[in-house]
2 protein chains.
Amino acid sequence: MKISSRFSVAVHILSLLSLEPNAHHTSEWMAGSVNTNPVIIRRVTSQLKKAGLVAVRSGTGGATLMKPAEQISLLDVYRAVEAVEEGELFGFHEHPNPQCPVGANIESVLQLVMLRAQTAMEQVLGEITLDQLSAELKHKIDEKMC
Amino acid sequence: MKISSRFSVAVHILSLLSLEPNAHHTSEWMAGSVNTNPVIIRRVTSQLKKAGLVAVRSGTGGATLMKPAEQISLLDVYRAVEAVEEGELFGFHEHPNPQCPVGANIESVLQLVMLRAQTAMEQVLGEITLDQLSAELKHKIDEKMC
DNA sequence: TTTCTTGTAACAATTATAGTTACAGCGCAG
DNA sequence: CTGCGCTGTAACTATAATTGTTACAAGAAA
């Protein structure tokens, strides 16, 4: 089971906003780059908007970053698109038998452990900014131009 | 989207094997503790067996650990039940537009970043042994007995 | 007003999970 | 050597989430 590709789509969108500031960022234009349906883009953009990461001009169309790229972490994006509910990366089996010593106590022990694992992953995402990612991306792009 | 509860069921099973060495660990008995169907238990047990973590006596029934609990990490269990394919925790949108500079390069950049995040999580799992987890569990159990 | 765009609803197709029944086949007890 | 209990697995269901689609009301500007 994988984390929804909404997350990678969201990062793609933000990269476009960050690296191509002069384009007219309509959902259709971005869908062309992501290679999907414009509605997919609008859905994700809508979540990014709710999270205060982008502004969208309805009517005329187009989206823009609401914060400087160095103040947007991948964790912000991850949370924005709800790729995973907060603190719920790991699924648990429900209602283990409370009569059994193991069944009665496994949940709390597992919760702790899993949370530690999950937090480690989120910390990595939290330390990477859109700015850094865009820079890496730009580097790759320029490389190929030679 | 969550990681399959197969993982938590597997840990539950191994905890039973580790903490209650005298019981007859049939799928039905374990299903009673996990509170699910015996077939669910057999399916997971079967994966643990393939991974060399447990032995199952067909005929008579019952399962046992194949390694000492301090040599089984939660990462081993995680891999055994294929809660997530190796290196594929994050889903990606496929075939971004190669004509677009961002589309052409986002995949490789994202792969790197996501892999780092995923690895951080797996490392935590790798550092926790069944032994440690059982000890915590036993501690909780004894606590409640007072 | 016309035109382009967004935001959303509604729906289909696909995919994975979790649970269930059913049954062949193994292995020990008697 | 036969019967019993248990495993391994197939087959099927129900459920839920994702991704992709079409369709359309409502916003904004030329």
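The sequence lines fix the lettering, A, B, ..., with proteins before strands; numbering per chain opens at 1. These numbers were taken from a predicted model, which means no experiment stands behind them.
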Contact under 4.0 Å: B:T60 side-chain N or O vs D:dT7 OP1/OP2: no

(request) Would you please confirm or rule out a distance under 4.0 Å between OP1 or OP2 of D:dC6 and any side-chain N or O of B:R42? (result) no

What one should report as the nearest heavy-atom pair of B:S15 and B:L133 is OG-CD2, 3.7 Å

note: A:K2, atom NZ; C:dT14, atom P; distance rounded to Å ~ 18 Å

Side chains of A:H93 and B:S8: is there a donor and an acceptor less than 3.5 Å apart? yes

Exercise for review: Under 4.0 Å between any heavy atoms, over every strand shown, what does B:G91 touch: base, sugar-phosphate, or nothing? Just pick one.
Suggested key: nothing

Here the distance between atom P of C:dT15 and atom CE of B:M1, to the nearest Å, is 13 Å

Describe the nucleic acid contact of A:G61 in one word from base, sugar-phosphate, nothing, applying a heavy-atom distance below 4.0 Å. sugar-phosphate

Checklist entry - Does a nitrogen or oxygen in the side chain of A:T36 sit under 4.0 Å from OP1 or OP2 of D:dT19? => result no

>> Under 4.0 Å from OP1 or OP2 of C:dT5: is there any side-chain N or O of A:S58 that close?
In response: no

Is the backbone N or O of B:M30 less than 3.5 Å from a side-chain atom of B:S33, with the two atoms forming a donor-acceptor pair by type?
no

* To do: Look at the side-chain N and O atoms of B:S5 and state whether any lies under 4.0 Å from the OP1 or OP2 oxygen of C:dT17.
  => no

Of A:K50 and B:S4, the one whose closest nucleotide on DNA chain C sits nearer the 5' end is A:K50

Whole-Å distance, A:E28 CD to C:dT3 C1', equals 14 Å

note: A:I40, atom CD1; C:dC11, atom C1'; distance rounded to Å ~ 13 Å

Taken to the nearest whole Å, CZ/A:F7 to P/D:dT18 is 15 Å

- Quick one: is A:R6 getting a side-chain N or O under 4.0 Å of the D:dT18 phosphate, OP1 or OP2? yes

- Query: Phosphate oxygens OP1/OP2 of C:dT6: is one of them under 4.0 Å from a side-chain N or O of A:K49?
  - Reply: no

Just by distance, no angles: are the side chains of A:D76 and A:S73 close enough, under 3.5 Å, to form a donor-acceptor pair?
yes

To the nearest angstrom, the CH2-C1' distance between A:W29 and C:dT6 comes to 17 Å

Between CE of A:M30 and C1' of C:dC4 the distance, given in whole Å, is 15 Å

### Message
Using only atom types and a distance under 3.5 Å, with no angle test, would you say the side chain of B:H24 pairs donor to acceptor with the backbone of B:W29?
### Response
no

Walking DNA chain C from its 5' end, the first of B:I3 and A:S46 to be reached, judged by nearest nucleotide, is A:S46

Notebook entry, point to check: Donor-acceptor pair under 3.5 Å: do we get one between B:R43's side chain and the base of C:dG19?
Noted result: yes

When rounded to whole Å, the CG to C1' distance for the pair B:N37 and C:dT21 reads 9 Å

